[in-house]
Amino acid sequence: MVQGSEQPMNGTNGANGHTTDASKLRREPLKNSGSIDHLEYVDCTPIIGREYPTAKIKDILTASNSEQQLRDLAITICERGVVFFKARQDDLTVDEQKQVTELLGKLTGRPKENGLHVHPLYNDPNNIPMADGTTDRHIYVINSEAAKKLYKTMKDRPAEAAEPRDLGREWHSDSTFENCPSDFSFLRMQDTPPSGGDTLWVSGYELCVLTFSPFRSQSISTNASSYDRMSPSWRSYMETLTATCAQPVFKSACEAGGYEVMSPRGSPLNKDYEFAPHHPVVRTHPVTGWKSIYAGAGLHVSRIDNVYSYEDQMIRDYVMRLITRNHDGIARMHWKNQACAIWSNECTLHAATPDTHLVSGNRTGVRASGTGGVPYLDPASTGRREALKLPLT
Ligand SMILES: O=C(O)CCC(=O)C(=O)O
Ligand SMILES: [Fe+2]
């Protein structure tokens with residue numbers, strides 16, 4: 001996959017025979033037309049997140065220029081990583097939530113054959129239903145009380161309970177175990193406990209920003225204005241890497257439960273037991289064209305490819321260290337009932353905070369997720385700061 005004299009394009013799903021030529025996928029970054037500029041908002045941090053304290057998603061969906069507004073919302077999500085709708089959104093039905101998730105991707109160039117993701121284990125009879133008792137293959141249900149009961153019955157609980165919990169394991173990008181992982185995810189919280197249960201998002205753009213040149217005359221250690229992020233030589237190396245994102249648990253769960261895996265799952269490329277794609281560690285966001293850390297660490301990243309085991313562990317620890325030592329790149333949602341978060345999985349990782357067992361009260365929510373294209377790295381793409389002409393220190 002070498003294009004002329006350029007570097008090879010890093011975007012393969014080699015294990016499953018899907019090869020991505022980034023030059024074919026490259027397109028102009030999409031530009032915001034300003035159609036939602038009238039909405040009241042505040043940016044959560046200079047780097048990530050935007051909060052809409054009063055806006056109603058229903059109004060966006062029913063506006064006369066709703067497609068334009070949804071496209072601008074999608075571009076805003078891709079630029080800011082995540083947006084929070086803090087006002088109660090209970091006038092939005094679950095079908096409309098699905099419709100919005102579907103349209104965000106559709107209006108911003110998601111492959112035409114892809115749609116909403118379907119959870120591989122949707123056929124599991126123990127799945128938790130929505131509040132009205134029904135299930136929907138495009139809706140993933142969060143229910144802390146039901147999950148607690150289910151967890152207690154799991155055989156491996158005692159061994160696991162003996163180990164302290166590493167919350168680093170919570171970080172993930174949705175459906176990274178698929179050849180075509182999630183693009184937009186839309187989570188609405190329906191019940192919230194009296195405290196806790198926050199969700200965090202980290203900016204993948206920011207984790208791979210080049211904040212200084214180690215080749216400058218000043219020493220790195222005394223460069224007080226530099227962030228703890230990547231040096232150019234390190235990022236060049238990271239850009240050569242792919243990771244295997246294997247989830248063997250889906251096959252064992254189907255076999256143990258005696259039910260069929262869902263297939264296809266939001267894309268003809270997400271089928272059967274193909275849960276071991278190779279994704280780039282640094283990818284290009286298909287909407288903004290900016291580089292982002294992607295399959296470098298977290299729940300679904302099982303192995304950095306083509307390195308020794310200790311190097312694999314070292315690289316994943318390094319990316320986790322980047323996440324935990326750069327909290328200026330993190331936005332945190334403290335949920336209220338019927339608040340919503342919509343994020344781009346193509347430039348963020350997120351993590352739930354499993355602290356709700358410390359208080360009484362259920363935490364329930366419903367999430368829809370779109371299915372994006374095969375992740376790729378276009379070496380010609382830039383970082384967010386370079387593109388926005390923001391200072392690098
Ligand atoms: O429960 C949460 O806070 C987040 C759950 C999650 O990872 C998701 O909805 O994709
Ligand atoms: Fe998630």
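Predicted, not measured: the structure shown is a model, and the values here were computed from it. Counting starts at 1 for both ligands and their atoms, in listed order. Computed from heavy atoms alone, side chains included, the values below leave out hydrogens, waters and symmetry copies.
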Please list, in number order, the atoms of ligand 1 under 4.0 Å from a heavy atom of [X].
X	result
Thr199	2 (C), 3 (O)
His172	7 (O)
Ile142	1 (O), 5 (C), 9 (O)
Asp174	10 (O)

Among all protein non-hydrogen atoms, which one is nearest to atom 6 (C) of ligand 1, and what is the separation to 0.1 Å? His350 NE2, 3.8 Å

What protein heavy atom is closest to atom 9 (O) of ligand 1, reported as residue, atom name and distance in Å? Arg367 CD, 3.1 Å

I want to check a possible cation-pi pair here: Arg50 against Tyr41, using under 6.0 Å from ring centre and within 45° of the ring axis as the test.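 Verdict for Tyr41: a cation-pi partner in Arg50.
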
Would you say the side chains of Gln68 and Ser33 form a donor-acceptor pair under 3.5 Å? yes

Are His138 and His117 close enough that their ring centres sit under 6.0 Å apart?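 That pair fails the under 6.0 Å test.
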
is_close_aromatic(His285, Tyr294), centroid dist under 6.0 Å: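 No - the distance between ring centres of His285 and Tyr294 does not fall below the 6.0 Å cut-off.
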
N/O donor-acceptor pair under 3.5 Å between [X] side chain and [Y] backbone:
X	Y	answer
Asp90	Gln338	no
Thr176	His300	no
Asn345	Asp174	yes

Hey, which N, O or S atom on Asp174 ends up closest to the Fe ion (ligand 2)?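 This turns out to be OD1.
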
Counting only heavy atoms, which portion of Trp201 has something under 4.0 Å from ligand 1: side chain, backbone, both, or neither? neither

Under 4.0 angstrom from ligand 1, any heavy atom of Arg363?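 Arg363: in contact with ligand 1 (<4.0 Å).
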
State if Phe186 counts as touching ligand 1 under the rule of any non-hydrogen atom under 4.0 Å. no

